[in-house]
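Accompanying notes for the structure given below.
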Amino acid sequence: MFKRMKEDIEVVFEQDPAARSSLEVILTYSGLHAVWAHRLAHKFYKKRFYFLARMISQLSRFFTGIEIHPGAKIGRKFFIDHGMGVVIGETCEIGDNVTVFQGVTLGGTGKEKGKRHPTILDNALIATGAKVLGSITIGENAKIGAGSVVLHDVPPNSTVVGIPGRVKVQDGVKIKDLNHTDLPDPLFDRMKEIDEELLALKNELELLKKERSKV
């Protein structure tokens, strides 16, 4: 247990250049407090002491502003930077060396049953305010941009941004977006069809006029 706690402190120094001393980290880093509280709550959760587990998680939420359901599975070297407003759902699974920033939600869509929260694989990073929702998988080394809303699986080694989240970089290669001038315009297409129909009617009318003039 103490080995794991020491590892958690070392991760803070690796990830946060503002960290100055171990004492400062232990006493003032809410993300670290939330992770430690979750580890304790998760142990009780696995032993089916659900009420006690929830009490610990809610106390942690009160003091840290970070809500982690005791059922969530979290790997080693999990780092929560700043942390306020982070929400992690019950069936969420997080691998090793994952970093999340403040305001991140790893939640459900309200439609699933059973496994209804994301799986975050090793070395992923989820930036400020991102929402990762549903029973989806975020691949290894993936990066989710600030404020993104991700509803589908993300391939490994990818960078996703936007609402809805779209892959912008994969395996170091920038994904070319579809040019706006190439996007289909249903209104323009319909107007074009109407013009063609009017032209056809005009031609028919001219033919009728010519036939009448002959009579």
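The model shown is predicted, which means the values in this text are computed figures rather than measured ones.
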Practice prompt. Evaluate the criterion salt bridge (charged side-chain N to carboxylate O under 4.0 Å, His left out) for residue pair Glu90 and Arg116; output intermediate values, then yes/no.
Written response: CA-CA 8 Å; Glu90 178 184 14; Arg116 59 193 185 279; 2.6 Å; yes
Item to complete: Check step by step if side-chain contact (heavy atoms from CB on, under 4.5 Å) holds for Asn203 and Leu207.
Response: CA-CA 6 Å; Asn203 291 335; Leu207 286 172; 5.6 Å; no
Practice prompt. Take Phe78 and Ile120 through the side-chain contact (heavy atoms from CB on, under 4.5 Å) test and state the conclusion after the steps.
Written response: CA-CA 11 Å; Phe78 180 54; Ile120 315 296; over 6 Å; no
Discussion item. Pair Val98, Ile138 - check side-chain contact (heavy atoms from CB on, under 4.5 Å), show working.
Written reply: CA-CA 11 Å; Val98 171; Ile138 307 301; over 6 Å; no
Item to complete: Run the numbers on Thr119 and Glu93 for side-chain contact (heavy atoms from CB on, under 4.5 Å), then give the verdict.
Response: CA-CA 5 Å; Thr119 296; Glu93 298 179 27; 4.1 Å; yes
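Applying the 6.0 Å contact sphere to CZ of Phe63 captures no more than 12 heavy atoms from other residues, nucleotides or ligands. The environment of CZ in Arg166 is sparse: at most 12 heavy-atom neighbours from other residues, nucleotides or ligands sit within 6.0 Å. More than 12 heavy atoms of other shown residues, nucleotides or ligands fall within 6.0 angstrom of atom CE in Met5.
Val150 and Ile163 fall into different hydrophobic clusters, where Ile, Leu, Val, Met, Phe, Trp and Tyr are joined by side-chain heavy atoms under 4.5 Å apart, directly or via other members. Ile126 and Val87 are assigned to two separate hydrophobic clusters, defined by single-linkage of ILVMFWY side chains at heavy-atom distances under 4.5 Å. Taken together through direct or relayed side-chain contacts under 4.5 Å among Ile, Leu, Val, Met, Phe, Trp and Tyr, Ile66 and Leu40 form parts of separate hydrophobic clusters.
In this structure, the separation between CD1 on Ile80 and CD1 on Ile68 is 4.0 Å, given to the nearest 0.5 Å. Atoms CG and OG1, from Asp81 and Thr128 in turn, are 8.0 Å apart once rounded to the nearest 0.5 Å. One finds the NE2 atom of His42 at 8.5 Å from the CD1 atom of Ile74 (value rounded to the nearest 0.5 Å). For the atom pair CG of Asp8 and CZ of Arg76, the computed distance is 9.5 Å after rounding to the nearest 0.5 Å. Taking CD1 from Ile94 and OG1 from Thr99, the interatomic distance works out to 10.5 Å, rounded to the nearest 0.5 Å.
None of His117, Lys73, Lys115 except one satisfies the side-chain hydrogen bond (donor to acceptor under 3.5 Å, both in side chains) rule with Thr91; the exception is His117.
The minimum heavy-atom distance linking Ser21 with Phe13 is given by the pair C-CZ, 3.4 Å. The two atoms that bring Ser148 and Val161 nearest to each other are OG-CA, 3.2 Å, heavy atoms only. Contact between Ile136 and His152 at its shortest, heavy atoms only, is CD1-O, 3.6 Å. Between Val86 and Phe101, the shortest heavy-atom contact is CG2-O, 3.4 Å. Taking both residues in full, the closest heavy atoms of Ala127 and Ala146 are given as CB-N, 3.5 Å, listed atom of the first, atom of the second, then distance. The shortest non-hydrogen separation linking Leu133 to Gly108 is CD2-O, 4.1 Å.
Not a single donor-acceptor pair under 3.5 Å links the side chain of Asn141 to the backbone N or O of Pro156. Looking at Lys131, its side chain does come within 3.5 Å of a backbone N or O of Gly103 through a donor-acceptor pair. Side-chain atoms of Thr105 do not come within 3.5 Å of backbone N or O of Gly107 as any donor-acceptor pair.
Using a 3.5 Å distance cut-off with no hydrogens or angles, the side chains of Asp122 and Asn97 do not pair a donor with an acceptor.
Looking at Val154 and Val132, their side chains never come closer than 4.5 Å, going by heavy atoms from C-beta outward. The shortest side-chain heavy-atom distance between Thr137 and Leu121 falls under the 4.5 Å cut-off. Annotation: side chain of Val104 is not in contact with side chain of Ile144 (no heavy-atom distance under 4.5 Å).
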Exercise answer: donor-acceptor pairs, residues 24-34 side-chain atoms, under 3.5 Å, sequence neighbours excluded:
| residue | atom | partner | partner atom | Å |
| --- | --- | --- | --- | --- |
| Glu24 | OE1 | Arg20 | N | 2.9 |
| Thr28 | OG1 | Glu24 | O | 2.5 |
| Tyr29 | OH | Asp16 | OD2 | 2.9 |
| Ser30 | OG | His82 | O | 3.2 |
| His33 | ND1 | Tyr29 | O | 3.4 |
| His33 | NE2 | Ile26 | O | 2.7 |

May I have the list of side-chain donor-acceptor pairs in residues 54-61 shorter than 3.5 Å, sequence neighbours left out?
| residue | atom | partner | partner atom | Å |
| --- | --- | --- | --- | --- |
| Arg54 | NH1 | His69 | NE2 | 3.4 |
| Ser57 | OG | Arg54 | O | 2.9 |
| Arg61 | NE | Glu67 | OE1 | 3.3 |

